[in-house]
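Below, chain A is the first sequence line, B the second, and so on; all start at residue 1. Every value quoted in this text rests on a predicted model; they were computed, and no experiment measured them.
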Amino acid sequence: EVQLLESGGGLVQPGGSLRLSCGASGFTFSAYVMTWVRQAPGKGLEWVSTIRASGDNTYYADSVKGRFTISRDNSRNTMFLQMNSLRAEDTAVYHCAKDGTDTDYIWGTYWDHWGQGTLVTVSS
Amino acid sequence: DIQMTQSPSTLSASVGDRVSITCRASQSISRYLAWYQQKPGKAPKVLIYKASSLQSGVPSRFSGSGSGTEFTLTISSLQPDDFATYYCQQYNDYHTFGQGTKLEIK
């Protein structure tokens, strides 16, 4: 059974940093593109960042480019999101998601498994 | 950037109704479109990918159609479990979601 478990969320002041983790099990993690998607309270879904299977290629939404860094450790079946210079508008539940295909297609495709998410609150 | 526009934003319907939700892309995305269902406090669940392919385990009352810039998600006969929010997502050029359609009980 595929499982994705996010951790690392919490309350942080504007301008602060946070590192999210996504632990994966139940599939060959190193073969799949992985993604972070966020959802602000009461709002819709927003794509944040994607990393290819090898970790060599990464993609970011304009809203987080230059502030967030996605990475992965395939030996530990874990993906990360380093979030710096956080703003109030970054407040959201952050979900990690597994790509629906194993084709390692550039920025990925759709997502067939999601974690339950971790809440990041940016507030003074 | 590709913009995705869903309509309607809210849809009121009854059990047994046939309903459709539309998603329009600001430029052609071929058939690189997925549909998700989300319930409050839960992660989204993929229903349809590649515009019309039914995800494994999803009931056959869900169907998708379209290509290019206009797409439709249809539920043939609404069940109580179907009342939720639905999102489209394009993956032709990075990723963009529609703003969501809340399907409510009439």
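- Put simply, of Ala61(A), Gly108(A), Gly115(A), the one with the most heavy-atom pairs under 4.5 Å next to chain B is Gly108(A).
- Contacts of Ala43(B) with chain A are made by both backbone and side-chain atoms, with heavy-atom separations under 4.5 Å.
- For the options Tyr59(A), Trp47(A), Trp107(A), heavy-atom pairs under 4.5 Å to chain B are most numerous at Trp107(A).
- Using a 4.5 Å cut-off between heavy atoms, Val93(A) makes no contact with chain B at all.
- Taking Gln38(B), Gln55(B), Gln90(B), Lys50(B) one by one and counting their heavy-atom pairs under 4.5 Å with chain A, the maximum is reached by Gln38(B).
- Side-chain atoms of Thr101(B) and Gln6(B) include a donor-acceptor pair closer than 3.5 Å.
- Taking the six-membered ring where tryptophan is involved, the planes of Tyr110(A) and Tyr49(B) are essentially parallel, since the angle between them stays under 30° and well short of 60°.
- A cation-pi contact links Arg19(A) to Phe80(A), judged by a cut-off of 6.0 Å to the six-membered ring centre and 45° from its axis.
- Between the side chains of Gln89(B) and Tyr36(B), at least one donor N or O lies within less than 3.5 Å of an accepting N or O.
- Each of Thr58(A), Thr35(A), Asn57(A) was checked for a side chain to side chain donor-acceptor pair (under 3.5 Å) with Thr50(A), and the lone residue meeting it is Thr35(A).
- Residue with the most contacts toward chain A among Asn92(B), Thr96(B), Thr85(B), Leu33(B): Asn92(B) (heavy-atom pairs, distance under 4.5 Å).
- Of the atoms belonging to Gln39(A), it is side-chain heavy atoms, and not backbone ones, that fall under 4.5 Å from chain B.
- Neither the backbone nor the side chain of Tyr32(B) comes within less than 4.5 Å of any heavy atom of chain A.
- Interface residue Asp1(B): only side-chain heavy atoms are found under 4.5 Å from chain A.
- Looking at Lys65(A) and Asp62(A), a side-chain N of the basic residue comes within less than 4.0 Å of a carboxylate O on the acidic one, giving a salt bridge.
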Report task. Test Tyr87(B) against Trp35(B) for ring pair (Phe, Tyr, Trp, His ring centres under 6.0 Å), laying out the working first. Result -> CA-CA 6 Å; Tyr87(B) 294 92; Trp35(B) 289 97; 9.8 Å; no
